[in-house]
K.L.:
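Below is a structure I'd like to ask you about.
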Amino acid sequence: MESTGAGAAAALIPFREFVVKVHSRCDLACDHCYIYEHADQSWRRRPSVIPGTVVERLAERLAEHARTHALPSVTVILLGGEPLLAGPARLRRLCEALTRALDGVAGLDLRVHTNGLRLNESVLALFAEYGVGVGVSLDGDRAANDRHRRYANGRSSHSRVLDAVRLLGEDRHRPLYQGLLCTIDVRNDPTTVLDALLALAPPRIDLLLPHATWEAPAPRPDGRPDAYARWLLRLFDHWDGLGRPVPVRLFDSLLSTLRGGPSLTESLGLTPTDLVVVETDGTLEQADSLKTAHEGAAATGFDVFRHSFDVVAVHPGIRARQLGLAGVSAECRACPVVRSCGGGLYAHRYRFANGFDNPSVYCADLKALVEGVEQRTTREAVAPEVADPAALAAAQQELTRVLLVRLHAELESRGDADWQRAWELVTAIEAETPDALAAVLDHPYTRTWLLAALGAVRQGRQPGAEPGHRLSALAAAAVVRGGLELPAPVVLGGGGLYLPTLGLLRADPGRAEVRAGVEGFSVRGEGGGVRNFGPDSEAAYWQPVRVMAGGAGAGAPRVLALEDLDPDRGCFALPPTPRLDPVGAELWERRLDEAWDLLYATAPSLARQTAAGLTTLTPLMGTGAPGEEARRGPGALGVPLGAGVRETSLALLTGRRRARLRELTEVADLYASDGEWLHESPWRAEPVPVSRLLADAHEAVAADAFRRAVGGPGGAGRIERALDRLDGAAELTVSGKAVVAALRRESGSEI
């Protein structure tokens, strides 16, 4: 696996989260505190409480930043030391200043993280007035909490914190309750810790690894390099066994990234950080956790009086935590779990010899944790569409409907009368005969039209034919298919009117009305003349979509549409043929029969896979491979008209493989961060992204099996190398890994 070596993004990433130190002292003496017990002791040189001048300037800078970047909202976290030591008056002034400055500029999400000792009715009333969410630090039951969170004289703080959390959890205060923050100590029993936290009914739990670096590693009483992973996995099992009663951000983040989603915490994943710290004296710093590394590690040299937040945002230290994959060490970039662990918290990578260019000091723990959660959740996390063709078909049908609704939302506001009339008819058809509408929406090239029209409308371009005319034709086809007694107004152009799944209607240009009949349908023009059509009978004014048998092999599709009329069928690398004459259509159907027979005779399992779900064949110009295709709905395949029998068999096989994988990627996340890494490919001269490698391997497994079945050379070695590379690809989600595992089984090289 190779990195693309992408450098820092040129665009400035604005801050959205602001940590404000309102008091730099604390009424506890926790021996694991990163503020007072680690390398950076700058708190000693700062004022104990934030002055009013800093508050006012901070509010101005915050509004300036939000306005410059049109931020919809910002999050401000009040922190310390212990922020409640600032007192109600100082806290009120801060809340008022921030609220006033951001009024009409951006939403304000105010939060406070506290040890809870000074949380009382009057403080909660103030927080309720300004909507300040409250998170409380608590390490579990009394024994767990008292290991670290004590007063300076050694006295326990546990009972007072419990009283505060219970007060916060009362119905009148519960809207402010944000959750509990728990720092891990592997000497504590994880199930007891979780039970103690759950007893307080938190809306969320944050589990935090104790801050450590390679110079000051975390304690490991049993000496095992994965002690923290084993502790967390025991807690995960207990949490999972209880039905996951509350969100646990660490676990939720892993479950998200394993499925291809974003990280939910700064301590994991590759999501760029957007956080800045404001100290009590107004100095602006990087994340507080950096204070564990060395004196001045978090410093930027900037402050709210002389510098805007934009100036801080381009500081090299801030940028280093916004580089994603390029910001982790070479060892991490080559690791298959890096997309989930992200190299760990930036501060935890520090080593005196080379700074932060290292894996996390918790590297072994993070790898074991990611793999452990993945092993425990793969069954539930794999998208059902991967293994269930019915689920894939249903998801594809829903996707087409979603696209139609989106196009309607784009066009409805433009006052297109033709579109609105057609939409009302579609709605009526859906209510009366949904199967008739579904048959037309499922036509593969309906998707092609929707995607092209939606893209054009959003770019301010004319989407080809008038969308209202195209939708009215779709509605008319559904009326005919359903035999509905509903008049379907349509507009005929100079090239005729294509009724999806039925055929091409040629008549005088202008407005007309389509009605279903006992056998076929009728068209009434503007002048009042009526023409009747049988849907399967070719006439001077009507060219129906032909249907053909799908091959003699058992399980072959019995009926396939020969689609050489649809104006949106030109979505293949090779151009589509014009309408075939009867002799040409018969010759092609005969060749297709022979190709199906060859497939079923030599590779029956692959033939059944190819036939499953195939509804539409479109003849293409030329004799070569159809190549890459544009997006379209499921069920269609383009096949070169001039190809021989063996080439046609291979085109059917590989075309369906490509189409099925594309359909799967449209509704399920098989990989994330595609293109961040490049991989050596056995079939290509240059390294490729994981999407290309997976597509090539997916097609090659079937093509190789067919070639060997007809006596040709195999390519098992190249397939094996590709699957090995895919096994180590960090981009693959659990669903993507399930696809690769299936390819191994299919290729006969499962390990």
Side-chain angles (χ1 to χ4, degrees), residues 397 399-430 436-482 484 486-515 521 523 525-526 535 542-545 561 563-571 576 579 616 618 630-633 635-636:
Q397 290 169 350
L399 177 56
T400 299
R401 289 174 178 270
V402 166
L403 291 171
L404 179 59
V405 170
R406 287 180 180 173
L407 182 58
H408 175 62
E410 294 284 345
L411 293 173
E412 188 178 27
S413 62
R414 306 188 183 202
D416 186 323
D418 285 330
W419 177 273
Q420 193 57 44
R421 280 193 297 270
W423 182 262
E424 291 170 0
L425 180 56
V426 165
T427 303
I429 297 168
E430 173 77 3
L437 180 62
V440 182
L441 290 179
D442 288 346
H443 179 53
Y445 303 125
T446 296
R447 174 83 60 80
T448 309
W449 162 66
L450 283 171
L451 288 166
L454 193 57
V457 168
R458 287 180 172 174
Q459 294 172 16
R461 296 184 289 105
Q462 175 63 30
E466 287 290 340
H469 300 174
R470 182 67 168 77
L471 186 64
S472 67
L474 185 151
V479 164
V480 173
R481 293 184 67 93
L484 303 179
L486 292 172
V490 296
V491 178
L492 285 85
L497 178 70
Y498 177 74
L499 301 180
T501 75
L502 297 179
L504 181 66
L505 179 65
R506 296 190 183 278
D508 294 335
R511 295 186 179 274
E513 184 179 273
V514 174
R515 286 182 177 270
F521 62 96
V523 178
E526 288 180 302
W542 175 245
Q543 291 180 316
V545 172
E563 183 56 89
D564 55 3
L565 290 170
D566 193 311
D568 295 301
R569 71 190 187 280
C571 56
R579 171 75 165 180
T616 307
T618 290
R631 288 180 63 186
R632 52 179 168 70

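These numbers come from the heavy atoms of this one structure, side chains and all, not from hydrogens, waters or symmetry mates. What you see is a predicted model; the values in this text were computed from it and never measured. Position 1 is the first residue of the sequence; numbering continues from there.
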K.L.:
Determine whether the side chains of T618 and Y445 contain a donor N or O and an acceptor N or O closer than 3.5 Å.
P.N.:
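Looking only at side-chain atoms, Y445 and T618 do form a donor-acceptor pair, the distance falling under 3.5 Å.
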K.L.:
State whether the number of non-hydrogen atoms from other residues, nucleotides or ligands found under 6.0 Å of R458 atom CZ is greater than 12.
P.N.:
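More than 12 within 6.0 Å, yes.
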K.L.:
Q397: which residues meet the side-chain hydrogen bond (donor to acceptor under 3.5 Å, both in side chains) condition with it, sequence neighbours left out?
P.N.:
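Once residues adjacent in sequence are excluded, the partners of Q397 under the side-chain hydrogen bond (donor to acceptor under 3.5 Å, both in side chains) criterion are D442.
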K.L.:
Report the distance from atom CG of L484 to atom CZ of R515, rounding to the nearest 0.5 Å.
P.N.:
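Going from CG on L484 over to CZ on R515, the span is 11.5 Å.
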K.L.:
Quick one: CG on D418 to CZ on R511, what's the gap to the nearest 0.5 Å?
P.N.:
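It is 4.0 Å, given to the nearest 0.5 Å.
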K.L.:
Looking at every heavy atom in both A436 and A478, which two are closest together, and how far apart are they?
P.N.:
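Of all heavy-atom pairs spanning A436 and A478, the closest is CB-O, 3.4 Å.
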K.L.:
Which atom names give the shortest non-hydrogen contact between R506 and G495, and what distance separates them?
P.N.:
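Residues R506 and G495, closest heavy atoms: NH1-O, 3.4 Å.
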K.L.:
List for me each residue that meets side-chain hydrogen bond (donor to acceptor under 3.5 Å, both in side chains) alongside D564, sequence neighbours excluded, and say none if there are none.
P.N.:
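side-chain hydrogen bond (donor to acceptor under 3.5 Å, both in side chains) check on D564 returns R546, R579.
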K.L.:
Please examine the side chains of W419 and L407, heavy atoms only from C-beta on, and report whether any two atoms are closer than 4.5 Å.
P.N.:
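In short, these two side chains touch, coming nearer than 4.5 Å.
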K.L.:
Quick one: does L425's side chain get under 4.5 Å of P489's, heavy atoms only?
P.N.:
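When only atoms from C-beta onward are counted, P489 and L425 do touch, with a gap below 4.5 Å.
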K.L.:
Show, in sequence, the C-alpha distance, side-chain angles and deciding distance for V457 and R406, and conclude whether the side-chain contact (heavy atoms from CB on, under 4.5 Å) test is met.
P.N.:
CA-CA 11 Å; V457 168; R406 287 180 180 173; over 6 Å; no
K.L.:
Let me confirm one number: the CD-OH distance from Q543 to Y498, rounded to the nearest 0.5 Å.
P.N.:
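One finds 11.5 Å between CD of Q543 and OH of Y498.
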K.L.:
If you take all heavy atoms of L486 and A428, which pair is closest and at what distance?
P.N.:
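Looks like CD1-CB, 4.5 Å.
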K.L.:
Is there a side-chain contact between L441 and L404, using heavy atoms and a 4.5 Å cut-off?
P.N.:
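Side chain of L441 against side chain of L404, heavy atoms only: contact under 4.5 Å found.
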K.L.:
Would you indicate whether the side-chain heavy atoms of V426 and H408 approach each other to under 4.5 Å?
P.N.:
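No, every pair of side-chain atoms sits at 4.5 Å or beyond.
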K.L.:
Would you say the side chain of L505 lies within less than 4.5 Å of the side chain of W542, judging by non-hydrogen atoms?
P.N.:
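They are in contact (side-chain heavy atoms under 4.5 Å apart), so the answer is yes.
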K.L.:
For T501 and H443, indicate whether the former's side chain and the latter's backbone hold a donor-acceptor pair under 3.5 Å.
P.N.:
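Not a single qualifying donor-acceptor pair exists.
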K.L.:
Measure the shortest side-chain to side-chain distance between L451 and R447 over non-hydrogen atoms and say whether it is less than 4.5 angstrom.
P.N.:
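L451 reaches R447 side chain to side chain.
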K.L.:
Any side-chain heavy atom of T427 sitting closer than 4.5 Å to one from E424?
P.N.:
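Sidechains of E424 and T427: no contact.
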K.L.:
Of all the heavy-atom pairs spanning L403 and L454, show the shortest one and how long it is.
P.N.:
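Distance-wise, the nearest heavy atoms are CD2-CD2, 4.0 Å.
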K.L.:
What distance separates T446 OG1 from R401 CZ, expressed to the nearest 0.5 Å?
P.N.:
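Result: 11.5 Å between the selected atoms.
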K.L.:
Report yes if some heavy atom in the side chain of L499 is under 4.5 Å from a heavy atom in the side chain of V440; otherwise report no.
P.N.:
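When only atoms from C-beta onward are counted, V440 and L499 do not touch, as no gap falls below 4.5 Å.
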K.L.:
Please find the pair of heavy atoms, one from G525 and one from A512, that lie closest to each other, and give the distance.
P.N.:
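Closest heavy-atom pair between G525 and A512: CA-CB, 4.2 Å.
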K.L.:
What's the shortest heavy-atom distance between A422 and A475, and which atoms?
P.N.:
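The pair with the smallest heavy-atom distance is O-CB, 4.5 Å.
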